[in-house]
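Let me begin by presenting the structure, written as structure tokens, before commenting on it.
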Amino acid sequence: MNHGDTEAQRRRLNELSGKVIGLCIEIHRELGPGLLESAYEECLAYELSRAGLSFERQRALPVRYKEVQLDCGYRLDFVIEGALILELKAVTEFHPIHEAQLLTYLKLDKKSLGLLINFNVPVLKNGVKRVARGNLFKAEAGGRNFFGQMLSLLCASTIAWLR
């Protein structure tokens, strides 16, 4: 893959994750914390459809161990546009196992970027965690700072849009 392809893929995933985060913020603003994960999942499926984004919901994820493919019952909450894995939570706080779970899903599904979204927080930006696998985002200027800046800009533009 050449540099131009890498940049285009990185830009596409960043834009896509920004759109998805915006939809999640809209859901959280409307409903707030405290509901079951399944309620937020239903709302997100509705919003993704309205936004014209293609997605798979509760997609089976087999585990490949050596030369054997095993159906262990793992399911991806969402795979958006065939490129972004989204794992929803409604928990008191993130734990390291949540990030490890998403990272393993990314590896098994050969994807570069995933989002953990925890709706059980007072302010959704505190419940968003971006998880990258591989080299696609290593060269990105600022690394996690970039994501923080992008999220701040998204929140600021959303607030400005509401006025």
Side-chain angles (χ1 to χ4, degrees), residues 1-31 37-62 74-91 94 98-121 123-162:
M1 184 181 304
N2 70 35
H3 181 70
D5 290 343
T6 301
E7 283 296 319
Q9 186 179 10
R10 187 180 309 130
R11 187 172 38 256
R12 175 179 171 248
L13 284 169
N14 282 335
E15 288 173 4
L16 182 59
S17 63
K19 285 179 189 176
V20 171
I21 291 167
L23 295 174
C24 290
I25 288 171
E26 186 173 335
I27 292 165
H28 191 267
R29 187 181 311 114
E30 185 74 25
L31 298 176
E37 180 183 315
S38 57
Y40 298 112
E41 184 180 324
E42 284 292 330
C43 293
L44 186 57
Y46 171 77
E47 291 296 340
L48 290 168
S49 293
R50 282 191 59 214
L53 295 172
S54 68
F55 64 92
E56 296 173 88
R57 185 172 164 193
Q58 292 297 320
R59 193 185 89 202
L61 180 66
Y74 290 107
R75 300 217 166 266
L76 303 175
D77 289 343
F78 287 94
V79 179
I80 302 167
E81 297 284 319
L84 178 69
I85 294 178
L86 182 61
E87 185 65 24
L88 302 182
K89 301 289 180 198
V91 294
F94 281 138
H98 296 131
E99 186 174 348
Q101 174 189 23
L102 181 53
L103 195 56
T104 299
Y105 288 172
L106 290 167
K107 179 182 174 184
L108 291 172
D109 208 40
K110 297 176 176 62
K111 300 280 187 282
S112 298
L113 187 63
L115 294 173
L116 277 171
I117 307 286
N118 181 16
F119 282 95
N120 199 28
V121 292
V123 179
L124 191 67
K125 76 175 187 170
N126 297 329
V128 175
K129 185 154 184 73
R130 175 177 144 141
V131 178
R133 182 190 75 85
N135 295 323
L136 185 62
F137 291 95
K138 285 206 189 303
E140 193 171 71
R144 290 191 187 269
N145 263 350
F146 169 81
F147 181 65
Q149 292 168 354
M150 185 175 81
L151 188 57
S152 295
L153 288 172
L154 179 63
C155 291
S157 65
T158 302
I159 291 168
W161 178 76
L162 289 173

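Just so you know, these numbers come straight off a predicted model, no measurement behind them.
Between Arg29 atom CZ and Glu26 atom CD the span is 6.5 Å, to the nearest 0.5 Å. Rounded to the nearest 0.5 angstrom, Leu88 CG and Asn120 CG are separated by 12.5 Å. Between atom CG of residue Leu76 and atom CG of residue Leu84 there is a gap of 11.0 Å, rounded to the nearest 0.5 Å. Atom CD of Glu56 sits about 13.0 Å away from atom CG of Leu86, to the nearest 0.5 Å. Atoms CD and CG, from Glu87 and Asp77 in turn, are 4.0 Å apart once rounded to the nearest 0.5 Å. Rounded to the nearest 0.5 angstrom, Ile21 CD1 and Leu115 CG are separated by 5.0 Å.
Between Val91 and His98, the closest side-chain pair of non-hydrogen atoms falls below 4.5 Å. At a threshold of 4.5 Å between non-hydrogen side-chain atoms, the residues Leu124 and Ile27 do not count as touching. Considering only heavy atoms from C-beta on, Gln101 comes within 4.5 Å of Lys89 through its side chain.
Here the closest non-hydrogen pair linking Phe78 and Leu44 is CE1-CD2, 3.8 Å. Nearest heavy atoms, Leu31 versus Cys43: CD1-SG, 3.5 Å. Residues Leu106 and Val131 come closest through the heavy atom pair CD1-O, 3.5 Å. Summarising the geometry of Ala45 relative to Arg57, their closest heavy-atom pair is CB-NH1, 3.5 Å, with the distance given to 0.1 Å. In plain terms, the two heavy atoms of Leu13 and Ala83 that are nearest each other are CD2-CB, 3.7 Å.
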Apply side-chain contact (heavy atoms from CB on, under 4.5 Å) to Lys111 and Val79, showing your working. CA-CA 10 Å; Lys111 300 280 187 282; Val79 179; 4.1 Å; yes
Where do Cys24 and Tyr40 land on the side-chain contact (heavy atoms from CB on, under 4.5 Å) test, with the steps shown first? CA-CA 9 Å; Cys24 290; Tyr40 298 112; over 6 Å; no
Can Leu53 and Leu16 be said to form a side-chain contact (heavy atoms from CB on, under 4.5 Å), step by step? CA-CA 9 Å; Leu53 295 172; Leu16 182 59; 4.0 Å; yes
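Side-chain polar atoms of Glu42 and Tyr46 form no donor-acceptor pair below 3.5 angstrom.
Contact check on Glu7 versus Arg10 returns a salt bridge, with a Lys/Arg side-chain nitrogen under 4.0 Å from an Asp/Glu carboxylate oxygen. Remark: Arg50 engages Glu47 in a salt bridge, criterion side-chain N to carboxylate O under 4.0 Å.
Ring-plane geometry between Tyr105 and Tyr74 is classed as perpendicular, the angle between the planes exceeding 60 degrees on a 0 to 90 degree scale with a lower cut at 30.
In this structure, the side chain of His28 engages the main chain of Val121 through a donor-acceptor pair within 3.5 Å. The backbone N or O of Leu113 sits nowhere less than 3.5 Å from a side-chain atom of Arg130 that would complete a donor-acceptor pair.
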